[in-house]
Amino acid sequence: MAVLEFEGVSKYFSRHAGQMLLRDRLRNLLTQTPRERFCALRNVSFTVEHGESLAIVGHNGAGKSTLLNIATSLCLPSEGRVAVNGRVAALLELGSGFHLDLTGKENVRINSAMLGLSRKQADERFEEIVDFSGLGDVIAEPLRTYSTGMMMRLAFSVAVNVDPDILIIDEVIGVGDQDFFLKCFQKIVDFRRAGKTLICVSHALGILETLCDRGLWLDHGTVQAAGTAQQVLDAYAASAAALVAAPATALPMVAP
Amino acid sequence: MSLGILWSLLNPLVMMGVMTFIFSTFFNNPTIKNFPVFVLCGLVPFNFFTIAWVTGTTSVIDSCNMVKRVPIPREVVPVAAVLSSCLHLGIQILLLLSAVLIFGLGANIQWLWLPLLWLFEVVFVCGLALVTSAINVYIRDMRYVVESVNTVMFWLVPICYPFAMIPEKYKPIYEINPIASLVNALRYVLLEAKAPPTSTLIRLPAVSLFMLAVGLVVFRRMKHSFYEHI
């Protein structure tokens with residue numbers, strides 16, 4: 001059964017959505033200026049089957065995060081159909097859903113609740129989460145004293161230990177140190193062995209290659225390539241290399 | 001936190017003092033007995049109303065990194081903001097009840113109405129906050145609209161004048177306003193040891209529940225495009 005299914009999904013944002021004051025609203029209403037639209041995703045279709053893991057690559061602004069946000073049901077697609085079967089845990093942005101003035105412990109409890117655990121389940125998994133994070137005594141300190149890496153450890157520990165059916169990781173895995181990365185890696189391997197699904201966005205192609213078996217390459221909101229991780233990542237790497245090489249040769253000679 | 005509790009006591013006490021001074025020196029109305037308690041009956045529900053409504057209104061924008069990144073039911077955010085203001089309400093209610101006892105008015109069986117009356121105020125403010133917090137995502141100066149309405153409401157809620165002084169033709173309008181009828185009901189219970197008027201007991205729950213329903217409907221409609229506007 002498909003765990004995640006996108007069918008002809010497009011997402012539009014209107015430009016100038018930053019003008020949010022009553023003044024701007026009234027002006028727009030009176031002048032009837034047509035809104036320019038920006039297309040973040042265009043007719044994207046793919047399915048992720050049970051137990052698969054998908055790597056998503058693409059340049060900055062290609063629509064990777066928009067896609068993940070739609071999969072997490074944080075926003076609705078403008079067109080198309082999305083089906084998600086199972087509980088999703090998403091690490092979309094570091095520190096989202098964390099409160100900086102609360103301690104690590106308190107944040108673990110709040111975060112587990114937000115990911116859909118009952119109070120009892122959260123209590124049962126609390127030790128496991130703290131152990132996995134490897135934060136030790138620091139767990140009793142307020143989160144604002146944490147480093148980026150420590151915060152990521154905590155976020156990741158909660159997300160993998162709430163036992164989601166689909167784990168979504170958006171480029172946060174890179175901030176952990178080598179030890180923690182290996183631990184995460186082991187956890188993700190176990191996680192996949194248990195038949196769970198992983199969706200991973202990163203620019204670290206090496207990591208993606210080891211974690212994922214399927215790949216999706218987005219370019220300006222459209223699917224450039226889809227297939228096995230190996231194929232897609234190689235094609236993406238080749239095109240990125242070509243982009244880097246091209247301007248270098250085209251550069252005009254400048255006298256020293 | 002300790003200072004927070006102090007603040008929620010300080011504001012009504014100072015206002016009570018100032019208003020007692022003004023209304024016993026400049027606008028003396030000898031028909032009102034125990035003026036400090038009388039005015040406190042108006043200030044406590046009004047304070048909660050203003051603070052909870054403003055915090056509720058800005059709540060969705062204030063916790064934007066949660067609303068935008070964590071898939072939780074978004075209705076929770078404004079409702080939680082209103083409920084967290086209930087702590088201050090609780091403290092101010094204790095202040096009000098102590099003032100009643102200090103002025104020798106004593107407790108009476110009608111006090112049993114109090115939890116119900118306050119419950120409906122909280123329900124009403126939750127409904128209002130759901131509407132305005134959703135609008136605030138699209139129109140960011142909603143907060144100032146709410147604050148202006150609050151300033152006007154200070155005079156339109158019978159805080160410093162008794163309900164009886166309101167001309168007959170305006171009374172039905174006043175009774176639709178749950179805050180005004182709550183203030184009136186509190187005075188019945190606390191100052192006169194009488195049950196709240198029947199019309200209040202019907203209209204207060206009706207208006208509050210209606211407001212909550214409107215709030216939920218409006219919020220659910222608007223929440224789908226929050227992502228694009230935060």
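Numbers restart at 1 for each chain; the letters A, B, ... are given by sequence-line order, proteins then strands.
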Could you state the interatomic distance from CD (Glu228(B)) to OG (Ser14(A)), rounded to the nearest 0.5 Å?
8.0 Å

Going by residue number, which parts of residues 139-152 of chain B are within reach of chain A, meaning a heavy-atom gap below 4.5 Å?
Ile139(B), Arg140(B), Asp141(B)

Atom pairs and distances, donor-acceptor, side-chain atoms in residues 210-225 of chain B, under 3.5 Å, two or more places apart:
| unit_1 | atom_1 | unit_2 | atom_2 | d |
| --- | --- | --- | --- | --- |
| Arg220(B) | NE | Glu75(B) | OE2 | 2.9 |
| Lys223(B) | NZ | Glu75(B) | OE1 | 3.4 |
| Lys223(B) | NZ | Glu75(B) | OE2 | 3.0 |
| His224(B) | NE2 | Arg220(B) | O | 3.2 |

Counting heavy-atom pairs under 4.5 Å with chain B, which one of Thr72(A), Leu76(A), Asn111(A), Asn69(A) comes out on top?
Asn69(A)

Pairs where residues 74-110 of chain A contributes a residue and the test ring pair (Phe, Tyr, Trp, His ring centres under 6.0 Å) is met, not counting sequence neighbours
none

Just wondering, are more than 12 heavy atoms of other shown residues or ligands nearer than 6.0 Å to NZ in Lys68(B)?
yes

Does a side-chain heavy-atom distance below 4.5 Å link Ile110(A) with Met66(B)?
no

Show the nearest heavy-atom pair for residues Leu92(A) and Arg69(B), with the distance to one decimal.
CD1-O, 3.8 Å

More than 12 heavy atoms of other groups within 6.0 Å of Arg42(A) CZ
no

Listed partners of Ser45(A) passing side chain to side chain contact (heavy atoms under 4.5 Å, CB included), at least two apart:
Asn43(A)

If I compare all heavy atoms of Val67(B) with all of Leu74(A), which pair ends up nearest, and what's the gap?
O-CD2, 4.1 Å

